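In what follows, a single structure is set out as structure tokens and then discussed.
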Amino acid sequence: MSQLAVGQKSRGDRFFEKGDYINAAKYYETALEKERHKKDLENIAECYYNTFQYRLASRHLKQLVKGRFGEKDKSYNNEYNFKLYQILSALGDYEVALVYLKLYKENNSATLDVAESIETIEAFKLKTPDYKIEKAHFNSEASDFGAVKFGDSVYFTSDRDVNQLFGKTYKWTHQPFLDIYVTAVNKDLDTVGHTKALPKIINSKYHEGNFCFSKDGNTLYISRSNIVDGKREFNDAKTNDIHIYKWVKENGKWLKPVKLAFNKNGFSYQHPALSPDGSKLYFSSNLEGGFGSFDLYYVTLSEDEISEPVNLGAEINTENREHFPFISEEGHLFFASNGHLGLGMLDNFVSELVDNVFTAPTNLGVPINSQYDDFGINYYNENEGFFASNRNKKDDNIFKFKQSGPIFIREYINTFEIRDAVTKEYIPNAQVVLSNRKKAEIYSNTLDDTSVFNMNLLADHYELKAESEGYYAKTLPVEVLEKQDQKHVLYLKQIPPPPPVVVDPVDAIITEKKIDKKLKEEDPTRFALLTDVDGPPVIEKDGKLFFKLAPIYFDFGTWNIRADSKKILDELSAKLERYPDIYLKISAHTDSRGSAKYNQILSERRAESTRNYIALEGYINARRLSFKGFGEMEPIVPCPMLNCTEDEHQLNRRSEFEIIKY
């Protein structure tokens with residue numbers, strides 16, 4: 001290693017050991033320009049990860065996991081697979097991110113279904129929003145989070161610089177240490193007067209972080225830097241832990257803080273939250289014996305003593321981080337986690353209290369969660385509260401919210417009917433099978449004369465298959481939404497009786513398509529195309545010729561040609577080869593879900609992908625093929641307010657193949 005690289009690495013190591021990640025990264029960058037070593041890649045990735053510079057962090061983590069460093073030993077710590085999953089998720093690359101999460105879990109003797117996880121994440125993003133959010137007015141240019149409304153004031157944590165122009169700064173962020181602030185607000189939560197820091201009896205010269213009040217406001221629990229005799233106490237790893245302290249107010253004044261007895265040096269205890277009755281204090285800690293990095297715990301409070309911490313168990317805690325607990329008036333647990341599947345870094349979750357047991361957590365979805373850190377959700381009344389997020393890609397900001405819908409998973413009443421496609425009457429004795437998204441059968445029966453049945457179902461995607469004697473079997477995709485009394489009707493077509501006599505196929509087509517027999521002499525090529533029974537048929541609409549193909553399906557949000565569509569396009573290519581003078585225009589349309597801009601781009605890419613497949617795999621001259629995407633602009637079935645059925649959306653989500661020259 002060159003002398004310059006050695007010097008830069010040494011300086012980087014010194015800053016890194018002090019937790020000054022911003023300066024450490026500068027020196028590691030210079031060292032890595034000369035020689036690339038595993039430890040330097042690990043450290044610079046940590047620097048950028050800890051300072052939320054995710055794109056830079058991903059660049060160095062990819063070099064690390066791909067072994068692009070000088071050492072012969074290309075192994076690396078499994079935690080970097082998890083970090084890369086988080087960072088790529090924050091950057092929106094979920095499919096690649098989940099590959100690293102799968103690798104991380106497999107290295108820990110666990111499994112992950114990537115395809116199913118992608119579906120789950122898409123469901124988070126497409127979920128009917130249960131909240132309306134707005135950025136709070138009392139944010140600053142610094143990091144602000146942990147807002148709690150008490151009376152006519154809002155208290156929150158911030159590293160804003162109020163009276164610390166020449167005060168100490170935290171090496172990690174190069175910002176002032178965290179303090180607790182208060183601002184008076186009106187009914188719209190607009191600031192009234194000035195924002196001010198709490199008195200020095202509460203705010204020290206080091207960190208004061210998340211906190212909670214007792215209901216009467218006379219007791220305050222705060223997670224703060226572990227301080228002994230006015231100085232920070234460091235553990236064996238030379239880190240200053242976070243411990244939980246208690247303040248009591250007497251005669252309108254706060255007394256000196258008392259560290260809660262369960263705090264132990266070498267571990268951090270943070271984000272205190274009281275149960276509604278004040279009998280339990282919940283918090284996050286990296287205590288030994290937990291499930292992972294940070295778990296959620298509680299202690300029982302009494303006048304005489306505090307119990308030992310109790311872990312909330314594997315239903316809530318993961319091998320990664322669980323933080324920021326909050327207990328609602330109903331006893332439900334809200335918290336932030338990066339261990340449960342989510343949209344990115346930390347996501348907000350809720351666990352319903354049922355029979356005094358917390359159920360499996362539910363991701364609160366968009367807009368409460370984003371691909372960045374979203375955390376610290378708490379309510380100040382039945383349906384309003386605050387949470388924090390760094391979705392502006394710089395600092396934490398406080399958002400206020402109003403809950404507008406149900407947040408717990410519920411079953412909804414769904415009615416299914418089997419009817420004749422022409423008469424619309426019930427089809428007697430229909431045999432039905434209802435399956436979930438994993439194709440597992442959840443209901444099957446032979447119905448009576450009135451072909452109706454009801455099911456209580458969770459909001460999700462299902463599939464109904466029905467058949468009856470004398471009818472073609474058919475399958476109906478079913479989307480159960482977060483509302484009750486949905487009805488799904490599956491129409492079956494009767495199987496026509498066999499023809500009494502054998503008819504020449506061409507004559508049958510002439511009759512079916514009402515082709516004028518003079519066309520054979522006037523335009524023989526057009527006649528041949530319309531009557532050719534070999535390969536995809538040609539139909540006429542509004543004087544134009546189109547190939548009638550089975551639907552060309554694409555996976556959600558992609559434009560890659562699926563295996564089931566390749567066979568269809570191969571048959572089309574074979575027919576185009578037999579008609580070398582045909583020129584084709586490929587038009588792609590989407591349904592109206594998603595933004596117009598997104599749908600336009602998606603349709604253009606799907607049309608282009610279809611053209612490229614025919615040209616490259618079907619060996620058809622690309623000059624014979626043109627393409628255009630129309631997005632959602634030319635629906636077959638208009639869908640105001642997105643109120644189409646799934647069948648109607650499928651009609652709109654189509655590809656058309658017009659013969660423009662022959």
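This is a predicted model, so every value here is computed, not measured. Note that the numbering runs from 1 along the sequence shown for the chain.
A ring-centre distance under 6.0 Å is not found for Phe375 and Phe387. Between Phe399 and Phe386, the distance from one ring center to the other does not fall under 6.0 angstrom. Taking the six-membered ring for Trp and the full ring otherwise, the centers of Tyr379 and Phe334 sit less than 6.0 Å from each other. Ring centroids of Phe138 and Phe156 are separated by less than 6.0 Å, placing the two rings close together. Checked against the 6.0 Å centroid threshold, Phe408 and His332 count as a close aromatic pair. Between His271 and Phe324, the ring centre distance stays below 6.0 Å.
Residue Lys38 places its NZ atom among more than 12 non-hydrogen atoms of other residues, nucleotides or ligands, all under 6.0 Å distant. No more than 12 heavy atoms of other residues, nucleotides or ligands lie within 6.0 Å of CZ in Arg55, so this atom counts as exposed by the packing criterion.
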* Go through the steps to decide whether Ile316 and Phe335 satisfy the test side chain to side chain contact (heavy atoms under 4.5 Å, CB included), and finish with yes or no. => CA-CA 9 Å; Ile316 301 300; Phe335 66 99; 3.9 Å; yes
* Any chance you could lay out the ring-ring contact (aromatic ring centres under 6.0 Å, His included) test for Tyr27 and Phe15, step after step, and finish with the verdict? => CA-CA 9 Å; Tyr27 290 106; Phe15 279 114; 5.7 Å; yes
* Would Gln86 and Tyr49 count as a side-chain hydrogen bond (donor to acceptor under 3.5 Å, both in side chains) if you check the C-alpha gap in whole Å, the side-chain angles of each, and the deciding distance to 0.1 Å? -> CA-CA 10 Å; Gln86 285 188 286; Tyr49 177 87; 2.6 Å; yes
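Salt bridge annotation for Lys102-Glu106: present, with a cationic side-chain nitrogen under 4.0 angstrom from a carboxylate oxygen. For Glu646 and Arg593, the salt-bridge test passes: some basic side-chain N is under 4.0 Å from an acidic carboxylate O. For Lys34 and Glu29, the salt-bridge test fails: no basic side-chain N is under 4.0 Å from an acidic carboxylate O. Note on Lys438 versus Glu116: salt bridge recorded, some NZ/NE/NH1/NH2 to OD/OE distance being below 4.0 Å. The pair Arg224-Glu208 counts as a salt bridge, with a side-chain nitrogen and a carboxylate oxygen less than 4.0 angstrom apart. A salt bridge links Lys439 to Glu463: at least one charged side-chain nitrogen sits closer than 4.0 Å to a carboxylate oxygen. Between Lys83 and Glu46 there is a salt bridge, since a side-chain N of the basic residue sits under 4.0 Å from a carboxylate O of the acidic one.
No hydrogens or angles considered: nothing links the side chains of Asn226 and Asn240 as a donor-acceptor pair under 3.5 Å. Side-chain contact annotation: Tyr21 with Asn43, donor-acceptor N/O pair under 3.5 Å absent. Remark: the Tyr76 side chain and the Asn81 side chain contain an N/O donor-acceptor pair separated by less than 3.5 Å. Between the side chains of Tyr28 and Asn23, no donor-acceptor pair is found at a separation under 3.5 Å. Under 3.5 Å, the side chains of Ser268 and Gln270 contain no donor-acceptor pair of N or O atoms.
Contact of the Phe349 side chain with the Leu333 side chain is not registered, since no non-hydrogen atoms from C-beta on lie closer than 4.5 Å. Contact of the Asp460 side chain with the Val480 side chain is not registered, since no non-hydrogen atoms from C-beta on lie closer than 4.5 Å. Put simply, the side chain of Leu341 does not reach to within 4.5 Å of the side chain of Asp347, judged on heavy atoms.
Taking the six-membered ring where the residue is Trp, Phe82 and Tyr85 present tilted rings, their angle falling between 30° and 60°.
Residue Arg160 forms a salt bridge (Lys or Arg N to Asp or Glu O under 4.0 Å) with just one option from Asp395, Asp144, Asp396, and that option is Asp144.
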